[in-house]
Q: 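Just dropping this structure here.
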Amino acid sequence: MQSIFNQHTGISSRAHSLKRFLLPVAACALLLGGCKKDNEAIADTSAPPVLNIVSPVEGATIMPGGRLGNATTADYNGTGFAINLEIVTKDTVTIPTKESLNIRNTAALGQPNVNLPGFAASLDVDLIKPDGGTIPKGTNLASLFNIAGTDDTPGPGVTTWVSWHVLESVAAGTSSFTLTTSVTDRAGRKVTATRLLKVGPGPNGALSGEALTPAPKPITYGTVDNPDGPTVTMIAPRTPSSVSPGIQTAGVLPVPPTSGALFFIQVSALDKSRNGINVAENGDGTFGKPAADRGTIEDKTQSNAGVNRYVPGLKVTFDVPLLQPNGNVIPAGGNLAPVFNTAGSELDPSGFVRTTFGWSVGGTLQLGGKTSVTIKAAVTDAAGKTGSTTQVVQISPVANGQLLTPAPR
């Protein structure tokens, strides 16, 4: 009933109040009559949103990037780190978001991101673009972010995630810079998060996130964890949370944002043995390639093959099949790494290289009656050592991730 309710009552901006089925019958009847659970103004200001910078980690060192002057050709071998943000709402005041596998619009640089207009991000240093141009310090960088996804946090709020692989460089001699981010909800409550980031170079004179990791090569996945393997963590979905599975209607393909799951997964691997994790953080981000391929590790043609050629050691699985928007089905236990979107590397405060991967799930989980999904993420390094982590996530009764937040007007 939940998906039918969401599609036909005209309250797609918020069906979240029903997500725990805690409302009495009378309240449900009122909602079916068209009540909108998206409060634009509230008297209680005690529960503003929470904004966390989860990547880079506190104390991380970022590489300066290889684009340090006006060269004659474009250079996409920039800083190569990932910025991932967690936005948690605590009440029924929402933050309009269009969850998507692509929220990026470089032509709108300096303007709000139309897919998340309440969000802003800036640096206190200039950025050097791959073509040699300059993005002045203080510019709103929100429209450069790549993806957004939302999971169903316990209580009246939700958790929204946004991710960006940074293709740009900073000027030579930069020793540190501050990342400033903010988000404003529909009641006008604004929260800010900042992070001071040190600037490399890294081991062996590495100038970019790409140079922190060895180039991709064929990898044989380990079957068991090795104590000398990477330390793997999964920060998103947020714990505890539930996730929207996508519209569970036979014959309906997941077409983001109208019917897919649209929750976010973040996997982080710490190379504590310094064996190297084989990654091309820029994906196909080289001069002459289409703009859409720059700064993303999505390897679309490999979703049936099970290996992401940009990060062959990454293996992420669900214990249920995933129906993709193109009609392809990745079976339960199949490797989902080829459809991951973003990657970036930084130098952890411990001195080890940390690589972070992000994915907004555009497909539909084929649940077959299950009420949870088990997500396993494993990373095998260049020495064949494997580390992994597993998370069991409950299924939200809100069928489509876009229904957890109102779409921007």
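Residues: numbered from 1 along the sequence shown.
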Q: Enter the distance from Asn52:CG to Arg195:CZ here, rounded to the nearest 0.5 Å.
A: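 Spacing of CG (Asn52) from CZ (Arg195) equals 8.5 Å.
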Q: Quick one: closest heavy-atom pair of Thr139 and Ser122, and the distance?
A: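 Of all heavy-atom pairs spanning Thr139 and Ser122, the closest is O-CB, 3.4 Å.
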Q: With side-chain contact (heavy atoms from CB on, under 4.5 Å) as the criterion, how do Val361 and Leu322 come out once you've worked through the C-alpha distance, each side chain's angles and the decisive distance to 0.1 Å?
A: CA-CA 9 Å; Val361 182; Leu322 178 73; 4.0 Å; yes
Q: Who pairs with Asp185 by salt bridge (Lys or Arg N to Asp or Glu O under 4.0 Å), at least two apart in sequence or on another chain?
A: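 Listed in chain order: Arg189.
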Q: Going through the distances and angles, do Thr159 and Val88 end up as a side-chain contact (heavy atoms from CB on, under 4.5 Å)?
A: CA-CA 4 Å; Thr159 301; Val88 185; 3.8 Å; yes
Q: Please report the shortest heavy-atom distance between Gly334 and Thr317, naming the atom on each side.
A: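 Minimum heavy-atom contact is O-CG2, 3.6 Å.
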Q: Under a 4.5 Å cut-off applied to non-hydrogen side-chain atoms, are Pro349 and Glu58 in contact?
A: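 A side-chain contact under 4.5 Å is absent here.
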Q: Is the backbone of Lys376 close enough, under 3.5 Å, to the side chain of Thr390 for a donor and an acceptor to pair up by distance?
A: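 No: the side chain of Thr390 does not pair with the backbone of Lys376.
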Q: Can you name the residues that form a side-chain hydrogen bond (donor to acceptor under 3.5 Å, both in side chains) with Asn275, not counting sequence neighbours?
A: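 With neighbours one apart ignored, the set is Asp381.
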Q: Can you measure from CD1 (Ile147) to OG (Ser100) and round to the nearest 0.5 angstrom?
A: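 Spacing of CD1 (Ile147) from OG (Ser100) equals 9.0 Å.
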Q: How would you list all residue pairs meeting ring-ring contact (aromatic ring centres under 6.0 Å, His included) that involve residues 390-409, not counting sequence neighbours?
A: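 Passing the test, one end in residues 390-409: no pairs.
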Q: Enter the distance from Asn146:CG to Asn84:CG here, rounded to the nearest 0.5 Å.
A: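 Taking CG in Asn146 and CG in Asn84, the distance rounds to 9.5 Å.
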Q: Any pair with a residue in residues 102-132 that passes ring-ring contact (aromatic ring centres under 6.0 Å, His included), sequence neighbours left out, goes on the list, sorted by first then second residue, please.
A: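 Counting only pairs at least two positions apart or across chains, the ring-ring contact (aromatic ring centres under 6.0 Å, His included) contacts touching residues 102-132 are Phe119-Phe145.
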Q: What side-chain hydrogen bond (donor to acceptor under 3.5 Å, both in side chains) pairs are there with at least one residue in residues 362-371, not counting sequence neighbours?
A: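 The answer is Asp319-Lys370.
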Q: Quick one: does any side-chain atom of Thr389 pair with a main-chain N or O of Met234 as donor and acceptor, under 3.5 Å?
A: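 No; judged by distance alone, with no hydrogens or angles, the pair does not exist.
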Q: Is Arg104 close to Leu144 at the side-chain level, that is, under 4.5 Å between some pair of heavy atoms?
A: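 When only atoms from C-beta onward are counted, Arg104 and Leu144 do touch, with a gap below 4.5 Å.
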Q: Assess whether side chain to side chain donor-acceptor pair (under 3.5 Å) is satisfied between Asn328 and Asn326, documenting all intermediate values.
A: CA-CA 6 Å; Asn328 176 56; Asn326 62 4; 4.8 Å; no
Q: Sort and list the pairs that fulfil side-chain hydrogen bond (donor to acceptor under 3.5 Å, both in side chains) and have at least one residue in residues 196-212, not counting sequence neighbours.
A: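 For residues 196-212, and leaving out neighbouring residues, the side-chain hydrogen bond (donor to acceptor under 3.5 Å, both in side chains) pairs sorted by first residue read Asn77-Ser208.
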Q: If only side-chain N and O atoms count, and only distance matters, is there a donor-acceptor pair under 3.5 Å linking Gln324 with Ser303?
A: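 Short answer, yes.
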Q: Calculate, to the nearest 0.5 Å, the distance between atoms CD1 and CG belonging to Ile62 and Leu179 respectively.
A: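 Nearest 0.5 Å value for the CD1-CG distance: 9.5 Å.
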Q: Is any side-chain heavy atom of Ser244 closer than 4.5 Å to one of Leu404?
A: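 In short, these two side chains touch, coming nearer than 4.5 Å.
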Q: Is the side chain of Ser55 donor-acceptor paired with the backbone N or O of Ala82 at a distance under 3.5 Å, no angle test?
A: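 Yes; at least one donor-acceptor contact below 3.5 Å.
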Q: Can you list every pair that meets side-chain hydrogen bond (donor to acceptor under 3.5 Å, both in side chains) and has a residue in residues 332-348, with sequence neighbours left out?
A: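 Sorted result for residues 332-348: Ser163-Thr342, Tyr221-Asn335, Glu281-Ser345, Ser345-Thr355, Asp348-Ser350, Asp348-Arg354.
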Q: Side chains of Val191 and Val183: does their closest heavy-atom pair fall under 4.5 Å?
A: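 Of all side-chain heavy-atom pairs linking Val183 with Val191, at least one is under 4.5 Å.
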Q: Can you tell me if Ser388 and Asp225 form a side-chain donor-acceptor pair at under 3.5 Å?
A: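 Their side chains do contain a donor-acceptor pair, which is all the 3.5 Å distance test asks for.
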Q: I'd like to check Ile395 versus Leu365 (side-chain heavy atoms, cut-off strictly below 4.5 Å). Are they in contact?
A: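 Yes; the side chains approach each other to less than 4.5 Å.
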Q: Does a side-chain heavy-atom distance below 4.5 Å link Pro64 with Thr174?
A: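 No - every pair of side-chain heavy atoms lies 4.5 Å or more apart.
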Q: Could I get the full list of salt bridge (Lys or Arg N to Asp or Glu O under 4.0 Å) partners for Asp124, not counting sequence neighbours?
A: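 Not a single residue meets the salt bridge (Lys or Arg N to Asp or Glu O under 4.0 Å) criterion with Asp124.
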Q: Go through the steps to decide whether Leu101 and Leu262 satisfy the test side-chain contact (heavy atoms from CB on, under 4.5 Å), and finish with yes or no.
A: CA-CA 8 Å; Leu101 285 67; Leu262 294 172; 4.3 Å; yes
Q: With ring-ring contact (aromatic ring centres under 6.0 Å, His included) as the rule and sequence neighbours excluded, what pairs involving residues 224-270 come up?
A: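 Of all non-adjacent pairs touching residues 224-270, those that pass ring-ring contact (aromatic ring centres under 6.0 Å, His included) are Trp161-Phe264.
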Q: For the side chain of Thr79 and the backbone of Glu168, is there at least one donor-acceptor N/O pair under 3.5 Å apart?
A: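 Side chain of Thr79 to backbone of Glu168: a pair is present.
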Q: Indicate the atoms forming the closest heavy-atom contact of Ser182 with Thr192, along with that distance.
A: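 Shortest heavy-atom separation between Ser182 and Thr192 comes out as CB-OG1, 3.8 Å.
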Q: Rounded to the nearest 0.5 Å, how far apart are CD1 of Ile247 and CG of Asn400?
A: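 Rounded to the nearest 0.5 Å, the CD1-CG separation comes out at 5.0 Å.
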Q: Would you say Thr178 and Thr194 are linked by a side-chain donor-acceptor pair, where the criterion is simply a distance under 3.5 Å?
A: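 Thr194 vs Thr178: no donor-acceptor pair found between side chains.
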Q: Might you point out which heavy atoms bring Ser259 and Val255 nearest each other, and give the distance in Å?
A: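 Minimum heavy-atom contact is OG-N, 2.8 Å.
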Q: State whether the side chain of Asn278 and the backbone N or O of Ala215 hold a donor-acceptor pair below 3.5 Å, judged by distance alone.
A: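 Looks like yes, one N/O pair under 3.5 Å.
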Q: Does any non-hydrogen side-chain atom of His165 lie less than 4.5 Å from one of Thr296?
A: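 With C-beta onward as the side chain, the pair stays apart.
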Q: For a 4.5 angstrom cut-off between non-hydrogen side-chain atoms, does Ile95 reach Thr405?
A: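 The answer is no; the side chains never approach within 4.5 Å.
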Q: Working to the nearest 0.5 angstrom, can you tell me the gap between Leu116 CG and Lys98 NZ?
A: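 It comes to 12.5 Å.
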Q: Measure across Asp228 and Ser273 and return the closest heavy-atom pair with its distance rounded to 0.1 Å.
A: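 What the structure gives for the nearest pair is O-OG, 2.7 Å.
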Q: What's the verdict on side-chain contact (heavy atoms from CB on, under 4.5 Å) for Ser143 and Leu109, showing C-alpha distance, side-chain angles and the deciding distance?
A: CA-CA 6 Å; Ser143 289; Leu109 175 64; 5.6 Å; no
Q: Does Thr213 use its side chain to pair, donor to acceptor, with the backbone of Val279 at less than 3.5 Å?
A: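 Judged by distance alone, yes, a pair lies under 3.5 Å.
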Q: Not counting sequence neighbours, which residues clear side-chain hydrogen bond (donor to acceptor under 3.5 Å, both in side chains) with Thr301? List them please.
A: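 Only Arg309 meet the side-chain hydrogen bond (donor to acceptor under 3.5 Å, both in side chains) criterion with Thr301.
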Q: Tell me the closest heavy-atom pair linking Ile53 and Ala193, and the distance in Å.
A: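 What the structure gives for the nearest pair is CD1-O, 3.8 Å.
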Q: Determine which pairs satisfy salt bridge (charged side-chain N to carboxylate O under 4.0 Å, His left out) with at least one residue from residues 269-279, sequence neighbours left out, and list them in order.
A: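 Every candidate salt bridge (charged side-chain N to carboxylate O under 4.0 Å, His left out) pair involving residues 269-279 fails, so no pair, neighbours aside, qualifies.
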Q: Are the side chain of Gln302 and the backbone of Asn308 linked by a donor-acceptor contact shorter than 3.5 Å?
A: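 Not a single qualifying donor-acceptor pair exists.
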Q: Please list all pairs passing the ring-ring contact (aromatic ring centres under 6.0 Å, His included) test where one or both residues lie in residues 301-322, with sequence neighbours left out.
A: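 Every pair satisfying ring-ring contact (aromatic ring centres under 6.0 Å, His included) with a residue in residues 301-322: Phe318-Trp359.
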